[in-house]
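In what follows, a single structure is set out as structure tokens and then discussed.
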Number of protein chains: 2
Amino acid sequence: MRIQDLEYYLSLAELGSFSQVSKKFQVSQPTISLAMQRLEKELNTELIWRDPGHQKLALTHPGQILLKHAKKIVAQYQQAEDEIQKEAEQKLVLGLSEIVDFAYFPSIEEHLSDHFFTHLRKETVNAETALEQLQKGQFDALLITGSLPIEEKLTIIDIPHPPLHLSAGKPLPDFQLSFVYQKDSLENSDLALILEELQGAIASAQAKDFALISKSE
Amino acid sequence: MRIQDLEYYLSLAELGSFSQVSKKFQVSQPTISLAMQRLEKELNTELIWRDPGHQKLALTHPGQILLKHAKKIVAQYQQAEDEIQKEAEQKLVLGLSEIVDFAYFPSIEEHLSDHFFTHLRKETVNAETALEQLQKGQFDALLITGSLPIEEKLTIIDIPHPPLHLSAGKPLPDFQLSFVYQKDSLENSDLALILEELQGAIASAQAKDFALISKSE
DNA sequence: GAACATTACGGTTCGCGTAAGTATA
DNA sequence: TATACTTACGCGAACCGTAATGTTC
């Protein structure tokens, strides 16, 4: 059973015409026919009185039962979509360069509360354009490598870290690991708390956990 | 979005293992993997923390939101299935021979209330085996053609009807149209009322409406 | 190596649009 | 004839199982 088919069905019950439903959803008329046939086949019952004599079609009794439930199902699904969407929008977005994401972040992660992840989403970011995207507001904070230009509006915190090794055993050249956010972003107090916890987690992690990282190189 | 995928998801949240879910639903393990990937793709979010280190997997925050709604959606759907199924079982089943179904029943139908169809389902039946099936309880009443043997347990009512013509214009040989039900079925008073309405509808129809039928031969 | 999940691949099914068919007014 | 639905058909996507690959213990 596809929820899409139920949406067609609700619309059909409301509009009373296959062709109008097809227009509403921008699909062909046969698409609606077939969707309704799928429903009837899956539920093994007639749902719609296709009375060609009269203009209007009517729902059978099982059709009315389905209508009642389909409304709730579709509403519930849309609500799920909405809530998930909103939840994603409200989250802090932490930009990580690829190397940071796989080599350092796992250690930091352990020091963040579950509740914290309720409000934070991480996303990998191209190191080249990261600062620009931060200032555009596409990210709320960054954890990236490479030396950064000093900018008045940004807070940049250097994070001590052990060297990384490749599998050959040769250490990669040393580089800087930085935590960056816009100074004025702390005007939002929720955000300030979150950033504080993130900083705290990095501070807690650096002592011992970063050492563990080298095992996975 | 397929409701099947949501059922997998609920089960996964409960059992905590892809392979156990696949066993429960008798599908292969990759089927579950792919179903979960479909959900994540459609909702454009991560739902499941695939933490290979630990035994258990965990739901992300959006995953928990989906879980809450998925429970309701699946329950609602199953309830719809149940109600429709039960509704079908509770209905009176009226057996019609093929010729009756297309030539006579439409006229009778008009005299039956909408509410009546809530409790009656019609089904075509092979005239040869109809009586036998009636006595087995597979039908509650019959509207069939042909001469019938008199049986003690059956009530047989002859229905007057106009002759039928084929398109060539030649009338078919005359035949008997009978309404049949088991005498003891009237012990159920609901059933008695329904049968009474059906008899009434046939009586109302025969006066003029049966005449209309010949137009469609 | 054992257990578990993901990825790859081939075959079948499914869903859609176009076009043709059917039925009604 | 015009309108509305269904059926037929062909193409592309989706789904599933088997098999191969990865990963962790």
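In what follows, chains are A, B, ... by sequence order, proteins preceding strands, each numbered from 1. Predicted model, so just to flag it, every value in this text is computed and none were measured.
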query: Does the pair Leu143(B) and Phe179(B) meet the rule for a side-chain contact (heavy atoms from CB on, under 4.5 Å), with working shown?
result: CA-CA 5 Å; Leu143(B) 196 58; Phe179(B) 178 58; 3.9 Å; yes

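Atom pair Lys23(B):NZ and dA5(C):C1' shows a separation of 13 Å (rounding to whole Å applied). Taking atom CG of residue Leu15(A) and atom P of nucleotide dA4(D), one finds them 13 Å apart after rounding to whole Å. The separation between Phe18(A) atom CZ and dC16(C) atom C1' is 16 Å, rounded to whole Å. Look at CD1 on Ile32(B): it is 16 Å from C1' on dT7(C), rounded to the nearest Å. Rounded to whole Å, the distance from CG on Leu34(A) to C1' on dG17(C) is 11 Å. Across the protein-nucleic acid pair, Lys41(A) atom NZ and dT13(C) atom P stand 11 Å apart, rounded to whole Å. One interatomic measurement links the two molecules: CD of Glu40(A) to P of dT7(D), which rounds to 11 Å at whole-angstrom precision. Summarising the geometry, the separation between CE on Met36(A) and P on dC16(C) is reported as 10 Å, rounded to the nearest angstrom.
Contact between the side-chain N/O atoms of Gln37(A) and the OP1/OP2 oxygens of dT7(D) is found at a separation under 4.0 Å. In this structure, Arg38(A) reaches the dG15(C) phosphate: one of its side-chain N or O atoms is under 4.0 Å from OP1 or OP2. In this model, the phosphate group of dA5(C) is approached by a side-chain N or O of Ser19(B) to a distance below 4.0 Å at OP1 or OP2. In terms of phosphate contacts, Gln29(A) brings a side-chain nitrogen or oxygen within less than 4.0 Å of OP1 or OP2 of dC5(D). OP1 or OP2 of dT6(D) has at least one side-chain nitrogen or oxygen of Ser33(A) nearer than 4.0 Å. In this model, the phosphate group of dC16(C) is approached by a side-chain N or O of Arg2(A) to a distance below 4.0 Å at OP1 or OP2.
The side chain of Ser28(B) sits closest to dG17(D) out of dG15(C), dG17(C), dG17(D). Picking from dC16(D), dA5(C), dT6(C) the nucleotide with the shortest atom distance to the side chain of Pro30(B) gives dT6(C).
His69(A) and Glu83(B) share a donor-acceptor pair across their side chains, judged by distance under 3.5 Å alone. Glu89(B) and Gln85(B) form a side-chain donor-acceptor contact under 3.5 Å, judged by distance and modelled atom types alone. Between the side chains of Ser22(B) and Ser19(B), not a single donor N or O lies within less than 3.5 Å of an accepting N or O.
Within 6.0 Å of atom NZ in Lys71(A), 12 or fewer heavy atoms from other residues, nucleotides or ligands are found, so the atom counts as exposed in its surroundings.
Residue Thr31(A) is classed as a sugar-phosphate contact, given heavy-atom separations below 4.0 Å to backbone atoms only.
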